[in-house]
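This report refers to the structure that appears directly beneath it.
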Amino acid sequence: ADQGWRGLPSRMSSAVVDQTVRRIAEHADKHGLGSVEVILHGGEPLLAGAERLAGLVGQLRSRVPAQVNVSLQTNGTLLDHSMLTVLKSLGVRVGVSLDGDEEATGHHRVYANGRNSFNAVARGLDLLRSPEFLDCYSGILCTVDVRNEPVGTYEALLKFAPPALDLLLPHANHSSRPPGEGYAQWLISLFERWYSAPRQETRIRLFSELIQLILGNRGEVEGLGLLPSTLVVVDTDGAIKQLDSLSSTYPGAADTGLDVMSGSFDDALDHPTTVARQIGVEALSAQCRACDVMEICGGGLYPHRFINGAGFKNPSVYCDDLLRLITHVRDRVVADLSLLRRP
């Protein structure tokens, strides 16, 4: 919904990079943080080029008074030996976005001329999972498309031996409905294939986190559970923004009015959207608070709760799908635990 990205610089200027690093260092020092997670995202971060990326990571590591863990999310088309050599030397973990096989990739991930990007991504992934660069490989991010067969999608991604697989529901809300139907059944089919395998072929973060929450442990994924959000975004012009997927709801939804030149990350903590994403159950609708899977679901991802004119204090647009998925996983896990307890 927010097309403001069209007016942003394609790359951060050196002045914005310098000030962003300063703000991260300032925040880490003020709060005594032992470590900081920095994710280079886009757009396509590899378009910045290896030299710029090396300069940014070098500044972070030399100026921030904490351990800085840097990861990068890419569409994979620019992953070649020289780029991966630089990323490996910097200790940057690399995640690749891919939605399945060649046919699935052709639905959304194409070049400007309409050509399918799958072959280029496959070459990059084959290089990334090679022994030389395997230490850099963090996994694959797959956006769910219910037109693609779920088990076939999973097995197509398994061919690239991802250390982990993230499944992302399409960004949608009550005023802009998800494409297609049947997300619960799609995810349940994939869960059964993954869970029933004789050995764990990869970690699927959505399912692993659900199991942890079902067992009463803390979750780590925004969009599940009730832990406070710990994420802030710096755009290429230096603007400090909320969760970037908020831009799928309405123009300016992620804006805070702050930027790294004049404001700190602490200033962003007082923004109403930050507060709503940190107060847990108090931010949820009455329907969510009355639900018996509330502590597992956590209301779903914040942007998915939006209704035009009524804000975000609503169940997720995927509420029914999440309830079905969580109930299925819970029943499956509880049944297996019962078997293990038998004498």
Side-chain angles (χ1 to χ4, degrees), residues 1-2 5 39-46 71-79 94-111 114 116-122 124-125 128 137-160 162-173 176-191 193-194 202-210 221-224 231 233 243-249 254 300-306 316-319 321-322 325:
D2 190 343
W5 60 272
I39 304 169
L40 307 179
H41 209 283
E44 176 46 55
L46 294 186
S71 58
L72 180 148
Q73 190 67 31
T74 173
N75 63 28
T77 59
L78 297 178
L79 285 177
V94 179
V96 177
S97 300
L98 183 65
D99 301 335
D101 59 13
E102 185 170 4
E103 181 180 355
T105 304
H107 290 157
H108 302 289
R109 300 186 185 276
V110 296
Y111 293 103
N116 194 323
S117 66
F118 179 80
N119 289 336
V121 181
L125 276 166
L128 182 58
Y137 190 11
S138 63
I140 291 176
L141 172 64
C142 170
T143 301
V144 174
D145 186 336
V146 290
R147 292 177 296 176
N148 303 327
E149 200 277 323
V151 172
T153 296
Y154 175 59
E155 293 179 345
L157 296 175
L158 273 183
K159 292 178 181 178
F160 298 108
L165 176 62
D166 279 347
L167 298 173
L168 180 69
L169 290 169
H171 290 315
N173 56 70
S176 181
R177 303 289 299 181
E181 297 178 343
Y183 288 89
Q185 190 54 55
W186 198 98
L187 290 167
I188 288 169
S189 297
L190 201 158
F191 171 80
R193 166 63 181 81
W194 171 78
T202 187
R203 178 174 180 254
I204 298 183
R205 192 164 65 156
L206 171 64
F207 301 150
S208 297
E209 290 295 311
L210 279 178
V221 176
E222 185 157 21
L224 290 174
L231 177 71
V233 174
L243 185 69
D244 46 2
S245 55
L246 279 166
S247 296
S248 64
T249 58
L301 192 67
Y302 192 79
H304 298 170
R305 308 175 199 173
F306 179 72
S316 168
V317 70
Y318 294 106
C319 177
D321 294 294
L322 290 171
L325 172 65

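Residues take their numbers from the sequence shown, with the count starting at 1.
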task: Given side chain to side chain contact (heavy atoms under 4.5 Å, CB included), test L190 with V144 step by step and report yes or no.
output: CA-CA 11 Å; L190 201 158; V144 174; over 6 Å; no
- request: Give the intermediate values and the outcome of side chain to side chain contact (heavy atoms under 4.5 Å, CB included) for residues N148 and H107.
  value: CA-CA 10 Å; N148 303 327; H107 290 157; 3.1 Å; yes
- request: Kindly write out the residues that satisfy side-chain hydrogen bond (donor to acceptor under 3.5 Å, both in side chains) with T77, not counting sequence neighbours, or none if the list is empty.
  value: N75
message: Does anything in residues 96-111 form a salt bridge (Lys or Arg N to Asp or Glu O under 4.0 Å)? List the pairs, not counting sequence neighbours.
response: D99-R109
task: Measure across L157 and C142 and return the closest heavy-atom pair with its distance rounded to 0.1 Å.
output: CD1-CB, 3.8 Å
message: Set out, in order, the CA-CA distance, both residues' side-chain angles and the distance that settles side chain to side chain contact (heavy atoms under 4.5 Å, CB included) for L210 and F191, then state yes or no.
response: CA-CA 11 Å; L210 279 178; F191 171 80; over 6 Å; no
- prompt: If you round to the nearest 0.5 Å, how far is NE2 of H41 from OG of S71?
  reply: 9.0 Å
- prompt: Does T153 reach the main-chain N or O of G100 with its side chain, forming a donor-acceptor pair under 3.5 Å?
  reply: no
- prompt: Side-chain contact, heavy-atom cut-off 4.5 Å: L224 with L206?
  reply: yes
Shortest non-hydrogen separation from V121 to V96 and the atoms involved: CG1-CG1, 3.9 Å
- request: Keeping to residues at least two apart or across chains, list the salt bridge (Lys or Arg N to Asp or Glu O under 4.0 Å) pairs with something in residues 147-159.
  value: D145-R147, E155-R193
- request: For the residue pair S97 and Q73, establish whether any side-chain heavy-atom pair is separated by less than 4.5 Å.
  value: yes
message: Test of understanding: with side chain to side chain contact (heavy atoms under 4.5 Å, CB included), list the residues that count as partners of T202, not counting sequence neighbours.
response: Y154, L158, P162, L165, I204
- prompt: Does S138 use its side chain to pair, donor to acceptor, with the backbone of V94 at less than 3.5 Å?
  reply: yes
task: Using the test side-chain hydrogen bond (donor to acceptor under 3.5 Å, both in side chains), find all partners of T74 that sit at least two apart in sequence or belong to another chain.
output: E44
Contacts of type side chain to side chain contact (heavy atoms under 4.5 Å, CB included), residue P303, not counting sequence neighbours: L243, S245, L246, S248, T249, L301
- request: Flag the pair V317 / R177 as yes when at least one side-chain heavy-atom distance between them is below 4.5 Å, and no otherwise.
  value: yes
query: Got a sec, which residues hit side-chain hydrogen bond (donor to acceptor under 3.5 Å, both in side chains) with S189, two or more places apart in sequence or on another chain?
result: Q185
message: Can you classify the ring geometry of Y318 versus H304 as parallel (below 30°), tilted (30 to 60°) or perpendicular (above 60°)?
response: perpendicular
- request: For D321, enumerate each residue passing the salt bridge (charged side-chain N to carboxylate O under 4.0 Å, His left out) test, keeping only those at least two apart in sequence or located in another chain.
  value: none
- prompt: What distance separates L46 CG from L40 CG, expressed to the nearest 0.5 Å?
  reply: 9.0 Å
message: For a quick test of reading the model, state the closest non-hydrogen atom pair linking L325 to F207 and the distance between them.
response: CD1-CE2, 4.3 Å
task: Could you tell me which residues satisfy side-chain hydrogen bond (donor to acceptor under 3.5 Å, both in side chains) with Y183, sequence neighbours excluded, listed by chain and number?
output: none
message: Applying ring pair (Phe, Tyr, Trp, His ring centres under 6.0 Å), can you list everything that pairs with Y302, at least two apart in sequence or on another chain?
response: F312
